[in-house]
Asker: 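I'd like to ask you about the structure that follows.
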Amino acid sequence: MSSLADSLLKQAGHLATVDQAGAPNQANLRRAISAAYYSLFRLLVDGAADRLAGKGSEPAYLLSRAFSHSGMKQACKAFAAGTLKTAVATHIPSLSIPQDLRLVCRVFVDLQQKRHQADYDRSLKLTRQGTLTEIKRAQLAFDSYKQLRKLKSSNPDKKALEAFQVCLLVYDTVRS
């Protein structure tokens, strides 16, 4: 069974390629960027909520409603750059943030910005190739995130992922 995140990523690819004849429809390309962003948003939120409240549980669903786009962006920026608040950094082994996690974070921040542009910048002209590139980046982030989730709990990279999952929800409220 496919998750909502997987379905949104598939939808992004469909929207980017649905107009095969002539110039692609800008509305389809804009919605493709949006779907790619929301696919990654859902992947991260669902993974974190399942980790924190139990996979597929009612509390996980309720918890998933508490994540904010801006708070997640703050957490992702900090993890991507390795500039964590002291209160967070002390809980990540050797201050090591795996490259796969940094990739996920960079793509999330970039896609969020591109989604804002696609939704609000009326002068923006998207290309099919540029849109497909962003969808491919989202797929790379998916693959990286899913690999991290498969690691054993004793792996330092898995510990970093678990800290990240908590930070997605609370990073903007943590005091250093």
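Keep in mind it's a predicted model, so treat the numbers as computed, not measured.
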Asker: Can you label the angle between the Tyr37 ring and the Phe108 ring as parallel, tilted or perpendicular, going by 30° and 60°?
Answerer: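 Aromatic pair Tyr37/Phe108 classed tilted.
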
Asker: Out of curiosity, does Ile33 fall in the hydrophobic cluster containing Ile135 (side-chain heavy atoms, cut-off under 4.5 Å, transitive links)?
Answerer: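 In one cluster: no.
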
Asker: Within a 6.0 Å radius of atom NZ on Lys158, are there more than 12 heavy atoms belonging to other residues, nucleotides or ligands?
Answerer: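 Yes, the 6.0 Å shell around NZ holds more than 12 heavy atoms from other groups.
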
Asker: Are more than 12 heavy atoms, taken from residues, nucleotides or ligands other than Lys10, located less than 6.0 Å from that residue's NZ atom?
Answerer: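 Counting other residues, nucleotides and ligands, NZ of Lys10 stays at 12 neighbours or fewer.
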
Asker: Given Leu9 and Asp6, is the side-chain contact (heavy atoms from CB on, under 4.5 Å) satisfied, shown in steps?
Answerer: CA-CA 5 Å; Leu9 189 57; Asp6 292 320; 5.9 Å; no

Asker: Give a yes-or-no answer on whether the side chains of Asp143 and Gln139 include a donor-acceptor pair shorter than 3.5 Å.
Answerer: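 Per modelled atom types, Asp143 and Gln139 side chains form a pair under 3.5 Å.
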
Asker: Counting only N and O atoms by type, is there a donor-acceptor contact under 3.5 Å from the side chain of Lys73 to the main-chain atoms of Gln112?
Answerer: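 Such a contact is absent between Lys73 side chain and Gln112 backbone.
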
Asker: Between Lys114 and Asp121, is the closest basic N to carboxylate O distance under 4.0 Å?
Answerer: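 No, no charged N to carboxylate O under 4.0 Å.
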
Asker: Apply side chain to side chain donor-acceptor pair (under 3.5 Å) to the pair Asn28 and Asp19, showing each step before the final yes or no.
Answerer: CA-CA 8 Å; Asn28 287 334; Asp19 304 308; 2.7 Å; yes

Asker: Would you sort out whether Thr131 and Arg128 count as a side chain to side chain donor-acceptor pair (under 3.5 Å), showing the intermediate values?
Answerer: CA-CA 5 Å; Thr131 301; Arg128 184 188 328 265; over 6 Å; no

Asker: Are any side-chain N or O atoms of Arg122 and backbone N or O atoms of Tyr120, one a donor and one an acceptor, separated by less than 3.5 Å?
Answerer: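 The answer is no, because no donor-acceptor pair under 3.5 Å joins these two groups.
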
Asker: Any side-chain donor paired with an acceptor under 3.5 Å for Tyr171 and Gln74?
Answerer: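 Note: Tyr171 and Gln74 side chains miss the donor-acceptor criterion.
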
